[in-house]
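Note sheet for the following structure.
All values derive from a computational prediction rather than experimental measurement. Residue indices begin at 1 and follow the sequence shown.
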Amino acid sequence: MINLDLTYIEPTVSALELAAMSAKATSAYKRLQSKDCPGSDFLGWMDLPETIQSLVADIKHTAAEIRRRDAVHVVVGIGGSYLGARCVIEALRPPTDAKPEILYAGHNLSASYAEHLLSVLEKRDFSVNVISKSGTTTEPAVLFRMIRNVLEKKYGEAEGLKRVIATTDEHKGTLRDLATKFGLKSYPIPDDVGGRYSVFTAVGLLPIAVAGIDIEQLLAGARDLRAKCVKTPFETNPVLQYAAARHLLYQKGKQIEVFANFQPQLHYLSEWLKQLFGESEGKEGKSVFPAACDYTTDLHSMGQYVQEGLRTLFETFIAVEKTSESITVPTDPQNADGLNFLAGKPLEEVNRMAYEGTRIAHADGGVPNFTWRMPELNAYHLGGLLYAFEVACAVSGLLNGINPFNQPGVEAYKKNMFALLGKPGFETEASQLTQRTTASGRRVSCFS
């Protein structure tokens with residue numbers, strides 16, 4: 001089972017201060033369990049390790065068909081509609097296991113990205129899983145429209161649609177209407193689960209299963225973590241202690257949390273965490289800003305700032321205790337680089353000592369840090385870790401006095417974008433924004 005090392009949050013947060021948070025953190029968790037908190041209509045994620053079981057066999061069957069047939073599978077979605085799946089796939093899928101290759105679309109509006117993706121799809125057999133509760137979210141809707149054109153040209157309309165899976169609202173919305181009209185294979189996004197908490201729904205599980213990862217082990221890890229969390233008191237509960245400690249750090253002026261790892265395949269876990277915490281907590285002018293670093297790479301870019309910059313940071317390391325790799329550092333008879341003291345040592349031991357040295361150095365430099373440890377990087381332990389972060393994020397939000405399950409600020413850029421692009425109904429906003437963009441053009445400085 002995963003565990004949490006709190007050694008280096010001291011002296012910023014003392015053991016006594018953390019213990020004093022027991023009642024508040026436990027109360028917040030009980031409010032989640034009893035669904036007596038802000039956003040209580042979006043707590044379906046808490047039960048998913050059990051309730052999703054009825055769909056697992058169907059998801060595995062669909063995934064097996066896709067793996068048998070296709071060279072490429074495209075996941076179309078943005079935010080929680082793809083990040084959960086991608087973080088698990090990148091973490092657990094060996095790079096050599098490339099059939100089908102998993103590609104991602106609808107998470108940006110870059111023309112060069114889209115053009116390259118479409119050119120790949122024109123040459124290879126592919127299927128597409130479009131993930132959107134409404135079916136009208138701009139980025140995935142635009143890219144899905146383009147991908148449908150490729151499907152129809154390549155396979156014909158009827159056959160092309162057989163290669164489309166719609167993961168969407170169970171009852172309403174543009175994508176649900178399309179699925180009903182054409183009889184598309186579809187999976188529901190539960191009404192009571194928000195996107196960033198959807199990794200244990202079909203939103204995450206189908207792409208993960210297509211990648212050949214054991215979704216039953218992923219769910220088992222989440223299920224066991226949930227059971228532990230329910231019955232374990234604050235004094236030995238790493239999830240509640242993490243939520244409470246990061247709340248105390250925030251109160252002491254630590255406004256930025258850097259999620260850090262020493263395994264490149266965990267990059268998208270950090271991306272998922274950035275969305276989970278940023279979208280859940282970033283409201284009402286409150287809460288910690290989530291950032292991420294990939295070490296040791298970023299020790300040679302961001303390391304200076306973390307070590308000696310503004311002391312508004314704390315770090316959350318994600319560490320893997322046991323890896324299967326046995327590659328060792330070779331001996332150089334000339335010892336030209338002076339590294340023969342490493343000869344014969346497993347490279348992963350060198351990496352582990354880099355982690356140990358980093359967390360001590362950063363703590364000494366005034367950066368408190370946690371470490372979440374997985375015994376090994378597999379579906380079971382990763383499932384537990386994801387569920388632990390979901391609970392901790394929800395508890396953290398309640399401790400800050402905000403609703404962790406809405407995201408009102410996400411709509412602001414969309415309104416401006418729609419107005420500037422001439423969407424009907426946004427004429428007044430368009431006029432105002434045009435004046436502002438014209439004014440901003442007068443303040444551009446450039447070389448003559």
Side-chain angles (χ1 to χ4, degrees), residues 44-45 47-77 79-107 124-133 140 162-168 170 175 179 184-190 193 195-225 265-266 268-269 271-272 377-387 390:
W45 60 270
D47 304 320
L48 279 172
E50 289 83 16
T51 58
I52 198 65
Q53 289 298 318
S54 60
L55 277 180
V56 167
D58 187 282
I59 289 171
K60 290 174 68 176
H61 174 76
T62 300
E65 286 296 301
I66 291 169
R67 286 173 62 80
R68 177 190 59 79
R69 183 190 64 193
D70 297 321
V72 173
H73 183 67
V74 187
V75 178
V76 179
S81 294
Y82 92 105
L83 275 173
R86 189 165 191 177
C87 93
V88 175
I89 293 168
E90 299 283 342
L92 300 181
R93 192 184 207 198
T96 54
D97 185 9
K99 187 178 183 306
E101 183 179 2
I102 311 294
L103 299 180
Y104 302 90
H107 57 293
R124 303 172 71 185
D125 284 325
F126 73 97
S127 56
V128 56
N129 177 8
V130 55
I131 306 169
S132 173
K133 204 158 195 174
K162 290 179 182 178
R163 292 173 173 267
V164 175
I165 298 164
T167 305
T168 187
E170 191 167 8
L175 194 52
L184 306 184
K185 178 66 179 177
S186 66
Y187 289 98
I189 302 176
V193 178
R196 59 190 175 275
Y197 288 88
S198 66
V199 65
F200 297 116
T201 70
V203 169
L205 295 180
L206 179 58
I208 292 167
V210 170
I213 295 163
D214 190 339
I215 60 173
E216 294 191 83
Q217 278 296 297
L218 190 78
L219 289 168
R223 201 160 48 244
D224 288 352
L225 189 286
Q265 63 266 44
L266 295 180
Y268 273 94
L269 172 60
E271 294 300 302
W272 178 79
L377 186 53
N378 59 28
Y380 177 83
H381 294 303
L382 186 56
L385 185 67
L386 296 178
Y387 193 85
E390 288 181 338

### pair V193-V203: side-chain heavy atoms closer than 4.5 Å
no
### Query
Does a side-chain heavy-atom distance below 4.5 Å link I213 with V88?
yes
### Message
Determine whether a donor-acceptor pair (N or O, by modelled atom type, separation under 3.5 Å) exists between the side chain of R223 and the backbone of E50.
### Response
no
### Query
Short question: side chain of T168, backbone of S132 - any donor-acceptor pair under 3.5 Å?
yes
### Query
So, for S198 and T201, which heavy atoms are closest and what is the spacing to 0.1 Å?
O-OG1, 2.7 Å
### Query
Closest heavy-atom contact between F200 and L205?
O-CD1, 3.5 Å
### Query
Any sub-3.5 Å donor-acceptor pair from R93's side-chain atoms to A211's backbone N or O?
yes
### V199 side chain near C87 side chain, heavy-atom distance below 4.5 Å
no
### Message
Quick check for you: to the nearest 0.5 Å, what is the distance between N129 atom CG and Y187 atom OH?
### Response
9.0 Å
### Task
Kindly give the heavy-atom pair with the smallest separation between I89 and P207, and that separation in Å.
CD1-O, 3.6 Å
### Query
Which value, rounded to the nearest 0.5 Å, describes the distance between W272 atom CH2 and E90 atom CD?
15.5 Å
### Task
Determine whether D125 and P100 make a side-chain contact, defined as any pair of heavy atoms from C-beta on separated by less than 4.5 Å.
no
### Query
NZ of K60: more than 12 outside heavy atoms within 6.0 angstrom?
no
### Query
How many angstroms lie between OG1 in T167 and CD1 in I131, if you round to the nearest 0.5 Å?
5.0 Å
### Query
Is there a donor-acceptor pair under 3.5 Å between the side chain of R67 and the backbone N or O of V210?
yes
## Note on the structure
Smallest heavy-atom separation, L103 atom then E101 atom, equals CD2-OE2, 3.4 Å
### Task
Drop me the distance from L48's CG to L219's CG, to the nearest 0.5 angstrom.
8.5 Å
### Task
Examine distances only and state if a side-chain atom of K185 and a backbone atom of R163 form a donor-acceptor pair shorter than 3.5 Å.
no
### Task
Search all heavy atoms of R69 against all heavy atoms of K162 and return the closest pair with its distance.
NH1-O, 4.2 Å
## Note on the structure
Output for pair (Y82 OH, E271 CD), nearest 0.5 Å, gives 7.0 Å
### Query
Within the side chain of D70, is there an N or O that forms a donor-acceptor pair under 3.5 Å with the backbone of H73?
no
## Note on the structure
One should read off an interatomic distance between I59 CD1 and H61 NE2, to the nearest 0.5 angstrom, of 12.5 Å
### Query
Which heavy-atom pair separates L225 from G384 by the least distance, and what is that distance?
CG-O, 3.3 Å
